[in-house]
Structure formats: C-alpha cells, structure tokens
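Just so you know, these numbers use all the heavy atoms, side chains as well, and skip hydrogens, waters and symmetry mates. All ligand and atom numbering here is 1-based and tracks the order in the structure. Position 1 is the first residue of the sequence, and the numbers go up from there. Please read these numbers as outputs of a predicted model, since none were measured by experiment.
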Amino acid sequence: MYVNKKMCRFHGGRYSENIKIDFSTPINPIGPPKFLEDLIREAVEKRLYMLYPDYEYKTLREAFSEFYNLDPEHIVLINGAAEGINLILTCLRTRDLIVFEPTFGEYRCLTDILDINLRSIPYLEREDFYYIDEDSFKRSIRDVDKEGIVLFSNPNNPTGAYVDKDLVANIINSSKNMNVIIDEAFIDLCEKCSSVLELVKEFDNLVVLRSLTKTFSVPGLRIGFIYTENKKILEKIDLCRQPWNINSITSYVFSHVLKEYKKDLYEYISSSRKIIEIEREFLYDSFRDLGIKVYRSYAPFLLLRHFKYKAEDVIKILNNHGIHVRDASKYPFLTPYHIRVSVRLREDNEYLVKVYKESGIR
Ligand SMILES: Cc1ncc(COP(=O)(O)O)c(C=O)c1O
C-alpha cells in the first residue's frame, strides 16, 4: 500500500508566528520543573555540547532504572518514543504490522518504505468513547504468522482511548507469539491508567515504549526508553541505534534530575496528573454543553467532532484568535469534522471555550 508522506508525517506543534496559544502539542501543560531547566543551563555552561556522550549511557540508564524501578540491563534509551518506533520497525524486520486506528501517524509512515503489510483494525466507537474489540483483533490476525508485530499506543493518540492491563494481557495471549509493542508515551500523565511495564516479566514477546518528553514538557530534548526482557530484541535494537542517540545535554540533565530530584519529580508527576484530569473534565463539559461531540480521554488531549464546521474552518477561526489546534480530519476512520485539542491550564482553556462560544463554532 502506498502511504502518502503528507498524510502520515503530519504532527501538532507547527504553526505561524501569530499563534499565542498552542493546543496542538500534546504535552504536560504545567511546563518543565525549574530545577530541570537549571540543569539544562548548567549543561550548556559546562559546554557539554563539545563532548560526545558516553554511548553506553551507563549512568543515565542507572538513573532511569532507579526512577522507574526497572532492571538497567533491560533498558535501551531512545531519542523520544518516535525513535523507538522507528528502531523497532527497521531493526526487527517484520512482514506484517498490525495497528488499531485512528492512531499516531508514524506507525503507518514507515510501512511503505520498509515494504511492511499494514493491517489496520478500526477502534470501535460507542457513545462517547473508543475501544479495542478483542474479537476483531483475533479475526484480523487469523492468517498472520508469528513474524508479525502488533503495535498500539495506550492511551491512544488521537482518541484518548485506554486499554486496561487485563485486555493487554489477553491481546498478548491471542497474538500467536508475535511481538507486541505498547507505546505508553502518555501514560505518566494519566491518573487512572496503569503501565504494563511489569508484564514484561510474564511475556517475552512484550516491548514497552516510554517517553519523557511529554511527561516533563520537554519535547525538544528527545528522550525515552524501550523496555523488554527479550534479550534478542534488546541486542538487536541496541546495536541498530546510532551510538550517540541521546545528546550530551539531555544525557546530563536526565542523569542528574532523575537521581537528585526523584521525590520532587514524583510530586510533579502526581500533581500534573490531577491538574490534567480536572482541566480535561472542564473542557469535556464545556464542549459537550456547546453541542460538540467530545470523546472520553485518558490522555492530555481531547478528540472533538463538530457537526456544522469542518476542521479546516475551525482552525481558520481559531488561528484568527491566536489559537492553534490539531487537525484530526486526515486520520484513518475520522472525518473532515474532527480536531484534537490538548489540555492546557484554566486561563487558556477558558479562552478557547470563549472563542468557540463567541464564534458560534458547532
Ligand atoms: C502515541 C505517540 N507515541 C510517540 C510519540 C512521540 O513521542 P516522543 O516525543 O517521545 O518521540 C507521540 C507524539 O505525539 C505519540 O502521540
């Protein structure tokens, strides 16, 4: 299948200079902790950019292992979850990729160039939420052999849908030994979700992808990790990544912050989750009251479906008020009326709702 680059490589965070409020980038709305920003300055003052980082990232891996309570030998550090997806698909050389859509466009993006068959299973919609149907999954993989890869994000982008641990375990059990990759890029910011990191002990075919760029509101620093107990996968990916995939500034910052500010970061994550939950509820209620279809979400964003206005018209109106949102109309199975809105802090959220009301967007 030919995958149009413009369709799959199309992300939030790109807008013109007159935009003052960005609702298109799905990250922690609180912004990075001050002590993390101080460490970035410190790294620049030390001119660490003049050094190659340690390509084994021993200290950094230990910091991650301590912070997330994981075995450092089972961690591969990555340049954001996006690099993890890239590495998995390029290094594991699968013939079939099974995804649930609509989802993060990068999954689809590489399939064409790598000659991978994409099997797209639609999320099902019921009332105000999306869900994965286990029976559709089983039907779709009937004729796939164990060389395939199952990949999904949890919570999912852009629907905000969440699959609980029991269903993840069922999917893995039904996967006929295919490798199952769970992209948990948003899970740190979810109050009601639980990670499947602990399931790697049980399932040798499970790989978990994590991102810290959204958690700490630093998408420009590019950092995340892959976690699995599968030695073959670990070795392949570790060899396949470029040796210095985490730059020396990011490496310095996270080696220090995860160790020295562990307690502060736990508190930061915990209060971030609570604020996101409250603000997402505020936006959910406000959009529903305006007569716009809004989906239940476990992620720091909401998917909206308008009834009268197309996404492109909504974006034009909002842009004129200095606001940018994510066009969701090009995702498979969505419509020209869908957009995605990130959760921000109250003042911005109120402004967005006010612009919707005053402009009569429906
Ligand atoms: C599901 C999903 N995975 C991965 C990423 C990329 O995350 P990172 O910044 O860690 O590369 C995104 C970005 O929005 C995403 O939505």
For residues 253-263, which side-chain N or O atoms pair as donor and acceptor with protein atoms under 3.5 Å away, sequence neighbours left out?
| unit_1 | atom_1 | unit_2 | atom_2 | d |
| --- | --- | --- | --- | --- |
| Ser255 | OG | Ser251 | O | 2.6 |
| His256 | ND1 | Glu260 | OE2 | 2.8 |

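- Remark: Arg241 CZ to Ile78 CD1 distance equals 11.0 Å, nearest 0.5 Å.
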Return a table of N or O atom pairs, ligand 1 on one side and protein on the other, at distances under 3.5 Å, rounded to 0.1 Å.
| unit_1 | atom_1 | unit_2 | atom_2 | d |
| --- | --- | --- | --- | --- |
| ligand 1 | 3 (N) | Asp183 | OD1 | 3.4 |
| ligand 1 | 3 (N) | Asp183 | OD2 | 2.6 |
| ligand 1 | 9 (O) | Thr213 | OG1 | 2.8 |
| ligand 1 | 9 (O) | Arg222 | NH1 | 2.9 |
| ligand 1 | 10 (O) | Ala81 | N | 2.7 |
| ligand 1 | 10 (O) | Ser211 | OG | 2.7 |
| ligand 1 | 10 (O) | Thr213 | OG1 | 3.4 |
| ligand 1 | 11 (O) | Ala81 | N | 3.1 |
| ligand 1 | 11 (O) | Ala82 | N | 2.9 |
| ligand 1 | 11 (O) | Arg222 | NH2 | 2.6 |
| ligand 1 | 14 (O) | Lys214 | NZ | 2.9 |
| ligand 1 | 16 (O) | Asn157 | ND2 | 2.7 |

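- With a 6.0 Å radius and a threshold of 12 heavy atoms from other residues, nucleotides or ligands, Lys293 has its NZ atom above the threshold.
- Ion pairing of Arg119 with Asp143 is present here, as a side-chain N (NZ or NE/NH1/NH2) and a carboxylate O approach within less than 4.0 Å.
- Between the side chains of Tyr107 and Glu101, not a single donor N or O lies within less than 3.5 Å of an accepting N or O.
- Side chains of Ser286 and Asp289: no donor on one and acceptor on the other come within 3.5 Å.
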